[in-house]
*Asks:* 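Okay, here's the structure, questions in a sec.
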Amino acid sequence: MSALTLERIAKNYGEVETLKGIDIALESGEFLVLLGSSGCGKSTLLNIIAGLAEPTSGDVRIGDRSVVGVHPKDRDVAMVFQSYALYPNLTVARNIGFGLEMRHVPAAEREKAVREAAALLQIENLLDRKPAQLSGGQRQRVAIGRALVRRPKIFLFDEPLSNLDAKLRMEMRSELKRLHQMLKTTVVYVTHDQIEAMTLATRIAVMRNGVIEQLDRPEAIYNRPATLYVATFVGAPPMNLLSATTTPEGLSIAGLETPLALRHGLEAGRPVTLGIRPEALGLAARETALAFHAELAELTGPELVVTGTVGGQKLVASLPPASGVSPGDRATLFAAPEAFHLFDPATGLRLNRDR
Amino acid sequence: MSSTWLTTRAWLLMLPLLAVMIAVIGWPMAETVRLSFTDAKLVGLTGHFVGLDNYAKILSGSNFRGTLSTTAFFAIVSVGIEMVLGVLAALLLNQQFYGRTLLRALMILPWALPTIVNATLWRLIYNPEYGALNAALTQLGLLGEYRSWLGEPGSAMAALILADCWKNFPLVALIALAALQSVPRDLIAASLVDGASALNRFRFVILPYLAGPLMVALVLRTIEAFKVFDIIWVMTRGGPANSTRTLSILVYQEAFSFGRAGSGASLALIVTLMVTLLALAYGALVRKAAGSAA
Ligand SMILES: Nc1ncnc2c1ncn2[C@@H]1O[C@H](COP(=O)(O)OP(=O)(O)OP(=O)(O)O)[C@@H](O)[C@H]1O
Ligand SMILES: [Mg+2]
């Protein structure tokens with residue numbers, strides 16, 4: 001039985017179509033990440049699941065029950081907000097137990113649940129404090145604790161880590177991963193941070209302008225992006241895009257004399273956009289590889305990010321620092337055949353015949 | 001440049017202002033204090049020093065105590081109603097509905113009217129012969145014959161309080177509305193998901209953001225209500241039978257109607273002292289509330 005089903009969800013604010021037909025079916029225990037740039041409708045979708053907003057059309061089912069029109073408190077969901085949203089006058093303990101208190105759970109039982117959640121999140125020593133006396137990371141733990149004690153069917157997170165500094169964000173990310181693996185709960189998690197999405201998700205829904213561009217496992221999103229948008233949104237530095245035309249044996253890249261040998265299964269003479277991830281590129285001395293003219297080399301530590309041109313088109317390659325490429329160098333770059341992504345320049349859709 | 005020179009220069013620059021303030025505030029104040037120890041009359045008698053006589057007479061007299069309780073009654077009831085009405089209006093105007101902006105603007109109007117205009121307006125409404133209130137109530141069949149609302153001790157105070165509330169609740173509503181808009185949306189959403197009832201949501205989510213600003217409104221309004229003068233002077237002059245006589249009215253009567261400048265001054269100083277104490281107590285409360293909300 002699926003834990004959460006969204007069917008053709010649409011949401012209009014006045015004339016504006018914020019969501020345009022979202023379909024998602026989540027199995028119990030899945031960690032779904034809604035990934036997309038600002039304003040694409042992630043929070044709106046999450047609010048519709050929570051019951052804080054109603055869809056203009058479409059159905060939301062939690063378990064096998066349609067919850068459209070059901071009050072948020074009766075949906076058996078818990079939500080964690082970017083701003084933590086802790087009750088300013090209540091102690092940490094009461095904040096965590098608030099959902100139970102409102103549901104008239106007996107005090108003893110409530111206290112036990114709060115202690116357990118606090119132990120899990122390592123905030124037992126903070127239980128008597130007020131939110132104002134906590135750091136950002138501690139507040140976020142309390143907010144997570146408040147969701148945990150309720151043992152809801154679905155956890156909803158709206159960019160829970162984006163107010164934290166980089167180091168704390170990484171810690172809390174692992175913490176969330178650990179909690180999910182331990183509790184095996186169903187999670188819907190909104191973020192615009194692709195690293196968070198890649199590391200946490202069992203599946204990622206990449207959203208853009210109110211539609212899902214691709215809903216897939218993280219490795220599929222990364223290795224077989226369904227659209228140009230997904231291809232460039234996920235990955236840093238972003239995927240290189242080159243204009244090319246298909247030939248019977250491979251690709252002719254605009255500005256390059258030697259065509260590239262590649263089995264693509266498309267008719268010859270068709271214009272395509274070729275995508276190659278910077279990290280998929282390596283130095284090689286192969287005939288059919290890309291002749292690269294380096295213009296800028298940046299050492300990030302583990303990698304040497306080299307920016308240059310291939311046949312006049314911009315290309316970025318992440319190389320091992322030992323490769324020693326420096327500005328002005330000419331080098332030959334190579335990538336494995338499966339690292340060549342072909343897209344229709346007009347529709348942005350993926351053209352590779354993957355298996 | 002040395003800091004002493006800076007300080008000296010600062011004082012020099014403020015000197016003209018200081019001189020004006022001393023002339024228009026300091027001197028009359030000092031004069032009032034001096035008068036309060038004399039038996040001076042408004043006209044004629046410059047007065048002899050009588051020590052604490054005036055104060056003793058006032059504080060032991062029944063006039064003062066009666067007036068003090070009238071004032072307290074007026075202040076507590078009208079401010080109480082204004083606070084409740086103001087918060088309710090703010091909660092209502094914070095909802096999303098058609099015509100909200102217009103209603104918000106309209107609500108400010110009574111408060112924007114000068115007190116004298118408001119008081120005159122209400123005196124017309126309460127008029128025993130052609131007042132709108134009498135007309136409305138008789139036409140609705142709620143009232144048998146026209147009444148003199150401001151002419152009977154029982155209804156005069158209620159009528160005054162109604163007029164004062166009508167004028168002043170918008171201020172409370174305005175302050176509360178601004179405070180309501182500072183309640184984070186996420187917090188309201190969280191309380192909805194957590195299953196808080198409307199009452200609990202008010203208590204745990206809204207009130208923490210409302211308490212500080214409301215305290216300020218309470219302070220402002222109580223102090224104003226305690227020294228109320230103009231609305232009462234226009235509507236009832238403290239009558240009938242002194243049933244609406246507040247401290248400020250008493251001061252006026254003492255000093256100007258009865259011409260007893262000396263004891264009028266003592267009475268004014270007593271009222272000033274009481275208002276000051278009230279302000280100080282409230283100030284401490286506000287600081288405490290602000291400290292706990294942060
Ligand atoms: N209550 C509302 N009334 C009108 N428009 C709204 C409302 N809520 C959201 N929108 C619009 O819907 C669109 C999507 O908003 P949403 O908050 O879902 O974006 P998001 O993907 O969560 O963005 P972010 O990453 O910035 O949080 C935005 O263009 C926004 O202006
Ligand atoms: Mg959002």
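So you know, we letter chains A, B, ... as the sequences are listed, proteins then strands, and number each from 1.
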*Asks:* Can you tell which part of A/Leu156 gets under 4.5 Å to a heavy atom of chain B, answering side chain, backbone, both or neither?
*Replies:* neither
*Asks:* Before you tell me yes or no, could you show the steps for A/Gln82 and A/Asp158 under side chain to side chain donor-acceptor pair (under 3.5 Å), namely the whole-Å CA-CA distance, both residues' side-chain angles and the distance that decides it to 0.1 Å?
*Replies:* CA-CA 6 Å; A/Gln82 176 179 352; A/Asp158 195 348; over 6 Å; no
*Asks:* Do A/Lys11's NZ or CZ and the ring of A/Tyr13 fall within the cation-pi criteria of under 6.0 Å and 45°?
*Replies:* yes
*Asks:* When heavy-atom pairs shorter than 4.5 Å are enumerated against chain B, which of A/Leu100, A/Leu90, A/Val80 gives the highest number?
*Replies:* A/Leu90
*Asks:* If you round to the nearest 0.5 Å, how far is CZ of B/Arg9 from CE of B/Met14?
*Replies:* 12.5 Å
*Asks:* Sequence neighbours excluded, which residues qualify as side-chain hydrogen bond (donor to acceptor under 3.5 Å, both in side chains) partners of A/Glu111?
*Replies:* none
*Asks:* Could you look at A/Arg150 and say if it's the side chain, the backbone, both or neither that has a heavy atom under 4.5 Å from chain B?
*Replies:* side chain
*Asks:* Taking every non-hydrogen pair under 4.5 Å, which of A/Met102, A/Lys73, A/Glu101 racks up the most with chain B?
*Replies:* A/Met102
